[in-house]
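Have a look at the structure below before the remarks.
If you're wondering where the values come from, they're calculated on a predicted model, not measured in any experiment. Lettering follows sequence order; numbering is per chain, from 1.
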There are 2 protein chains.
Amino acid sequence: MMGKPERRVFVNDEDCPIRNVVAQIGDKWSMLILFALVDGADRFNSLKSRIVGISQRMLTQTLRDLEREGYVSRTVYPEVPVRVEYELTKMGRDIVKPLYKLVSWAEKHHDEIRLCREEYDKRKDS
Amino acid sequence: MMGKPERRVFVNDEDCPIRNVVAQIGDKWSMLILFALVDGADRFNSLKSRIVGISQRMLTQTLRDLEREGYVSRTVYPEVPVRVEYELTKMGRDIVKPLYKLVSWAEKHHDEIRLCREEYDKRKDS
DNA sequence: CGGCATCCAGATGGATACTG
DNA sequence: CAGTATCCATCTGGATGCCG
C-alpha cells in the first residue's frame, strides 16, 4: 500500500538553510571577497584594487554583510592614517571549503555551459 | 629577492567562472528547483506545489534559465491535456554534488550564522 | 495543463560627491 | 585611508489576466 514515492517539499523562507546561506553569498561580490581573503588578511583599498570592477560602495556594503554573517572580521589599527584589516573568521575559512568544490566544478564546466547557452539560443532563433 | 607574497586578483566579468555559475544558481529559486528534481523527473504543476511559495511566472522563468544553462531538460508529451516533464540532465545531476556539500554545510551552521547576525545587530544598536 | 503578457513594487548596484 | 550619503538606472520577482 501507498506505493507512491515520497517527493520532498521545499519551502523558501527565512528558516530554509539553503536560502539562508545562498542568499548571502550568491550576490555579485561576496564570493570574490571571500576568496580574496583566503590569501590572508587584507586592507580596504588593497581589496578594492584586487577585486577588479568593485566600487567603494559595494565593497563596504558587502564586507559589512559578510561581517554580520560571521564570515569576516574587521580590525581597526588607530595609526595615522588609519589602517583597517579584514580577515576570514573560522567560519569564513570553513565555508570556503565547500565553495571551492563549487568553483572547481565551475572552472571545469565553464566551456560546456557556454556551449549549452549558445545552442539553446540558436534553437530559439529558429 | 621579491619576498612579497603574490596576491591574486579577481575580475567579475562574463568570463569569470565563479560568477558565471553562481550568477545563475544564486538566485531565489534555482537551487530549490534543482534539488526538487533530484527525486526524478517531475511536471510543472507538481513542481509548483512542491516548491512552496513560488509563482507560476518564476517557476517558468527559472526553469527556462536552467534549461538554457544545460542543467534541466524539458520534454513535452502531446497528450490531452498536454504533459510537460522536467528532468536533470547529466550536468544537472553533476552540479548537484558540490551543491550538496554547500547545503549540508549550511544546515550544520544555520544556527551559528543566525547567532552571529543577532550579536552583530546588537553591537550596532549600542 | 502549462504556459505567456503586462504591470508594478522593492531590491540591487553603479556614479558621484563629501568626510573624519 | 576608509569610509558615508545621495541619486538614479536596472534587475528581480510578485500579482493578475489571458490563451492554446
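Regarding contacts with the backbone of C:dA11, every side-chain N or O of B:K28 stays at 4.0 angstrom or more from both OP1 and OP2.
When only modelled atom types and interatomic distance are considered, A:R117 and B:N20 share a side-chain donor-acceptor pair under 3.5 Å.
A:H110 contributes no side-chain N or O that, together with a main-chain N or O of A:A106, makes up a donor-acceptor pair within less than 3.5 Å. At distances below 3.5 Å, at least one donor-acceptor pair connects side-chain atoms of A:S30 with backbone N or O atoms of A:Q24. A donor-acceptor pair under 3.5 Å is formed between the side chain of A:N12 and the backbone N or O of B:K28.
Between the two ends of the helix from C:dC1-D:dG20 to C:dG20-D:dC1, each summarised by a five-pair axis, the helix axis turns through 50° (rounded to 10 degrees).
Taking a 4.0 Å limit (strictly below) on heavy-atom distances, residues 42-74 of chain A reaches DNA chain D at A:R43, A:F44, A:N45, A:Q56, A:R57, A:T60, A:R64, A:R74.
Look at A:D13 and A:R19 and you find no salt bridge, because none of the NZ, NE, NH1 or NH2 atoms lies under 4.0 Å from a carboxylate O.
In this structure, A:Y77 atom OH and D:dG3 atom C1' are separated by 18 Å, rounded to whole Å. The CG atom of B:N12 sits 14 Å away from the C1' atom of C:dT12 (whole-angstrom rounding). Nucleotide D:dC11 holds its C1' atom 12 Å from the CG atom of B:D27, rounded to whole Å. A:R19 places its CZ atom 12 Å from the C1' atom of D:dG13, with the value rounded to the nearest Å. One atom, CH2 of A:W29, and another, P of D:dC11, lie 15 Å apart when rounded to the nearest Å.
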